[in-house]
Amino acid sequence: MTSQGSTRQPKYQRIADALRTAIQAGEYGPGDRLPGENDLMATYEVARMTARQALGVLQNEGIAEARKGAGVFVRAFKPLRRRGIQRLANEQWGAGRSIWSDDTGDRELVVDQIEVTEVEADDGLSHALGLPAGEQVWARSRRFVLDGKPVLFATSYLPSDVVGDSAITRVDTGPGGTYARLAELGHGPVHFREEIRSRMPSTDEAERLALSMGTPVIQIVRTAFAEGGRVVEVNEMTLDSASYVLEYDFDA
């Protein structure tokens with residue numbers, strides 16, 4: 001028989017639940033400072049570690065963020081809604097619009113840490129692109145920063161024999177981005193496949209995305225197929241899970 005004490009929530013979890021409820025009720029709005037460790041210790045008669053764990057729960061969930069020397073605040077960042085199907089429609093990039101504009105609307109998106117290089121594909125990448133081992137591919141690496149917050153970084157890999165000497169090998173690919181340029185080259189994508197999983201970030205990933213401790217990332221690997229089934233891009237994306245809602249809307 002399970003004792004009543006063993007089924008009760010830990011104190012830190014009950015405090016976190018109370019704070020979360022207060023945030024959802026509007027008692028603390030975006031950008032507001034939450035009660036600090038001393039306040040929680042006095043209110044709930046708990047040890048400092050318990051108060052710290054309670055605030056840590058909200059930070060791990062992406063609800064709150066710590067500011068060094070100032071306290072813990074309700075996160076003001078509005079999550080992005082990534083519409084996985086609509087954003088890749090031909091009428092989006094085919095009309096010269098970035099596929100990212102479907103996610104961000106009128107919010108300010110900055111692309112930084114851009115690097116475009118030709119590299120030798122490893123065995124896994126060669127297999128994904130349907131190329132012989134050791135073939136050259138172009139790699140386009142970039143980070144996306146929204147409202148001053150890093151939300152995603154991605155690296156696209158494209159066959160050199162398809163994109164060599166095209167605008168895809170330059171930092172600025174032009175209106176419509178990579179997919180519009182592929183279409184001009186006669187290799188426009190006609191089908192996409194995305195594989196999604198969630199995991200904890202590496203140290204480097206946590207730094208690049210400025211993640212709070214304990215925040216997982218979402219990894220999306222998108223494969224783009226041209227007419228005839230040829231793979232023309234493999235795009236490996238790493239997203240801050242607290243910054244995104246993944247939405248897929250399709251007919252039955």
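What you see is a predicted model, and the numbers here were worked out from it, not measured in a lab. Just so you know, these numbers use all the heavy atoms, side chains as well, and skip hydrogens, waters and symmetry mates.
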Are any of the side-chain heavy atoms of I196 and Y248 separated by less than 4.5 Å? yes

Answer yes if F225 and L131 sit in the same cluster of Ile, Leu, Val, Met, Phe, Trp and Tyr residues linked by side chain heavy atoms under 4.5 Å apart, and no otherwise. yes

With side chains defined as the heavy atoms from C-beta onward, is the minimum distance between R230 and V162 less than 4.5 Å? yes

Rounded distance [0.5 Å steps], OG1 in T203 versus CG in L211: 11.0 Å

Could you state the interatomic distance from CH2 (W138) to OG1 (T117), rounded to the nearest 0.5 Å? 7.5 Å

NZ (K11) and CE (M49) are apart, to the nearest 0.5 Å, by 15.0 Å

Under 3.5 Å donor-acceptor, T169 side chain and S166 backbone: yes

If you define the side chain from C-beta out and look only at heavy atoms, does anything of L19 sit under 4.5 Å from L40? yes

Using 0.5 Å steps for rounding, measure from the CG atom of L209 to the CZ atom of R143. 7.5 Å

Please say yes or no: joined through hydrophobic side-chain contacts below 4.5 Å, possibly via intermediate residues, are L185 and F192 part of one cluster? yes

Sidechain N-carboxylate O distance under 4.0 Å for R20, D17: yes

Single-linkage hydrophobic cluster, 4.5 Å side-chain cutoff, M237 and F144 together: yes

Residues Y244 and V151: closest non-hydrogen pair is CE1-O, 3.5 Å

Verify, without hydrogens or angle tests, whether R208 (side chain) and F153 (backbone) share a donor-acceptor contact under 3.5 angstrom. no

For V232 and L158, which heavy atoms make the closest approach, and how far apart are they? O-CD2, 3.4 Å

To the nearest 0.5 Å, tell me how far R8 CZ sits from Q13 CD. 13.5 Å

I'd like to check S241 versus T215 (side-chain heavy atoms, cut-off strictly below 4.5 Å). Are they in contact? yes

Flag side-chain contact, heavy atom, 4.5 Å: Y44 against T50: no

Which pair of non-hydrogen atoms, one from V74 and one from G29, has the smallest distance, and what is that distance? CB-O, 3.3 Å

Answer yes or no: is there an ion pair linking K149 with E65, defined by an N-O contact shorter than 4.0 Å? no

Kindly check if the number of other-residue, nucleotide or ligand heavy atoms within 6.0 Å of CD (E227) is above 12? no

Testing the 3.5 Å rule here: is there a donor-acceptor pair between the side chains of E233 and T178? no

Might you work through the side-chain contact (heavy atoms from CB on, under 4.5 Å) test for V217 and R199, ending with a clear yes or no? CA-CA 6 Å; V217 292; R199 59 174 174 78; 3.8 Å; yes

Are any side-chain N or O atoms of E205 and backbone N or O atoms of S202, one a donor and one an acceptor, separated by less than 3.5 Å? yes

Apply side-chain contact (heavy atoms from CB on, under 4.5 Å) to residues L58 and V72 and explain how you reach the verdict. CA-CA 9 Å; L58 300 182; V72 177; 6.0 Å; no

Could you tell me whether the side chain of R33 and the main chain of A70 form a donor-acceptor pair under 3.5 Å? yes

Between S160 (side chain only) and Q136 (backbone N and O only), is there a donor and an acceptor less than 3.5 Å apart? yes

Is there a donor-acceptor pair closer than 3.5 Å between any side-chain N or O of R181 and the backbone N or O of P175? yes

Given S156, which of E236, R140, R142 fulfils the side chain to side chain donor-acceptor pair (under 3.5 Å) condition? R142

Can you name the closest pair of heavy atoms from A133 and S126 and give their distance? CA-OG, 3.6 Å

Would you name the heavy atoms of A206 and P201 that are closest together and state the gap between them? N-CB, 4.1 Å

For the CD1 atom of I15 and the CE atom of M41, what is their distance to the nearest 0.5 Å? 10.5 Å

pair S243-L152: side-chain heavy atoms closer than 4.5 Å: no

hydrophobic_cluster_shared for Y179 and V171, side chain cutoff 4.5 Å: yes

Does CG in D165 sit with more than 12 non-hydrogen atoms of other residues, nucleotides or ligands closer than 6.0 Å? no

With clusters defined by side-chain heavy atoms of hydrophobic residues (ILVMFWY) lying less than 4.5 Å apart, directly or transitively, does V111 cluster with L146? yes

Take atom CG in D123; do more than 12 heavy atoms of anything else shown fall under 6.0 Å from it? no

Please find the pair of heavy atoms, one from V46 and one from A51, that lie closest to each other, and give the distance. CG2-N, 4.2 Å

How about V137 and V119: do any of their side-chain heavy atoms sit closer than 4.5 Å? yes

Is there a side-chain contact between I23 and L34 (heavy atoms, below 4.5 Å)? yes

